[in-house]
2 protein chains.
Amino acid sequence: MPRKSAAVSKDRILAAAAKEFAARGYAGANVDRIARAAHLNKAMIYYHFASKAALYREILNDMFGAVHARVADVAASAASPPDKIRDYVAAIACEAEARPHFPPIWLREIAEGGAHIDAATVAHARAVVAALAAIVADGQRAGRFAPVNPLVLHGGIIAPLMFFFATARVRRRIDRDDTFGAAAMRVDAVVAHIQQLALVQLEGKVI
Amino acid sequence: MPRKSAAVSKDRILAAAAKEFAARGYAGANVDRIARAAHLNKAMIYYHFASKAALYREILNDMFGAVHARVADVAASAASPPDKIRDYVAAIACEAEARPHFPPIWLREIAEGGAHIDAATVAHARAVVAALAAIVADGQRAGRFAPVNPLVLHGGIIAPLMFFFATARVRRRIDRDDTFGAAAMRVDAVVAHIQQLALVQLEGKVI
DNA sequence: GTCTATAAATAGATAGAC
DNA sequence: GTCTATCTATTTATAGAC
């Protein structure tokens, strides 16, 4: 059982590191900068973590573990299949909004082909897809959902969600004068839109 | 007018660099590795380009310039608004398939908030959205499209497209035994799906 | 246009005091 | 648990010969 100050300093490192990895990527992240942001010395990072890679893996694992837990709850709930789909989308949006570093890191990991992802994190990611697949199978048994490919549906949910959260800065740059409606893209509206998009696919209106 | 060998060596650098930036990101990319992949010496890169950053900017600009040109043609064509939407999706998919480095680099740039994007590239990106907005406005005037936010629609097209191309390796890792239908995700099928998804939104079936 | 050699700066990791 | 100081390797960029 670590003393209080130990837990606090480790948490400060994790928070600062998540921010740094999100902003600059794994290779671009700088251990010294993480230390300074955490109001600690660089040596403290190597006291708490074996290496820069191990620190990064812990952040990835926490991130996907949290999403896994949330969507597993949704899949196991007593709600109707369409409501579960809405909850699934909302759960991921909620996690993404609570952790601003989450969408950029996810995007980068995809671009990198999952180079830094260990077996535990792969298991979490697989479980997130499995939760959606279970909801879909549920709805199909109840005769409420058309047959869809779970991974295609998953992409249709995750991709716009992650894009929405991660593109906030880019949108401001591309649509400075609001010609394209950037200002109207509020979180609730976009989440509702993606929920409907998912349900339209499950109602068989899209091949 | 450069001699033939000069153009070839510069092109070899651009091709090798695009691959390296896609695989490792801007910070993770290594100039020496790019030179070796191009069968040249590192000094040659600084003969053709002012810096690593300038090389990266040129790749970004070429990439977005090509997409800009393609979708501008689509928007200016004589096709019906729904066909233009299909062509728009197909054009971007075609560019992405022809340049495997394109989706990962785009994903990384988003994660980075467009840190390496210069004014010329921003103009290209804006034009890509403007082309879609023009097609939508066209269809609305013709009474065939419901009012939609161009940026929301754009996200619903670009995000799943980029995800699809960029997640190929991650999908193999998460769905090794094909439990979730990774094998069924062929390019044509996914593009057709995204085309329909876009049209469903424009037909007012989704808020 | 292409190369070798090297300068100069940066960054991951560790030793050891307190 | 926390710090300073430092080692070592890597990497961007350049000088200068051919």
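Each chain gets a letter, A, B and so on, in the order the sequences are listed, and its residues count up from 1. Being a predicted model, the structure only gives us computed values, none of them experimental.
Remark: the A/Y26 side chain and the A/E20 side chain contain no N/O donor-acceptor pair separated by less than 3.5 Å.
Put simply, CZ on A/F49 is 15 Å from C1' on D/dT2, counting in whole angstrom units. One can place CD1 of B/I45 at 12 Å from C1' of D/dT11, the figure rounded to the nearest angstrom. Protein atom CG of B/L55 is 10 Å distant from nucleotide atom P of D/dA13, rounded to whole Å. If you take OH of A/Y47 and P of D/dT2, they are 8 Å apart, rounded to a whole angstrom.
The side chain to side chain contact (heavy atoms under 4.5 Å, CB included) with A/F64 is formed by just one residue from the set A/N61, A/L60, A/D62; it is A/L60.
Taking the charged nitrogens against the carboxylate oxygens, B/R169 and A/E112 have no contact shorter than 4.0 Å, which rules out a salt bridge. Salt bridge annotation for A/D83-A/R86: present, with a cationic side-chain nitrogen under 4.0 angstrom from a carboxylate oxygen.
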In B/S/- notation (B base, S sugar-phosphate only, - none; protein heavy atoms under 4.0 Å), nucleotides 5-18 of chain C written 5' to 3' is ------SBBBB---

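Proximity of a side-chain donor or acceptor of B/K52 to a complementary backbone N or O of B/A29 within less than 3.5 Å is detected.
B/H124 meets the ring pair (Phe, Tyr, Trp, His ring centres under 6.0 Å) test with B/H68; sequence neighbours excluded.
Residue B/L40 is in sugar-phosphate contact alone, with no base atom involved, counting any heavy-atom pair closer than 4.0 Å across all strands shown.
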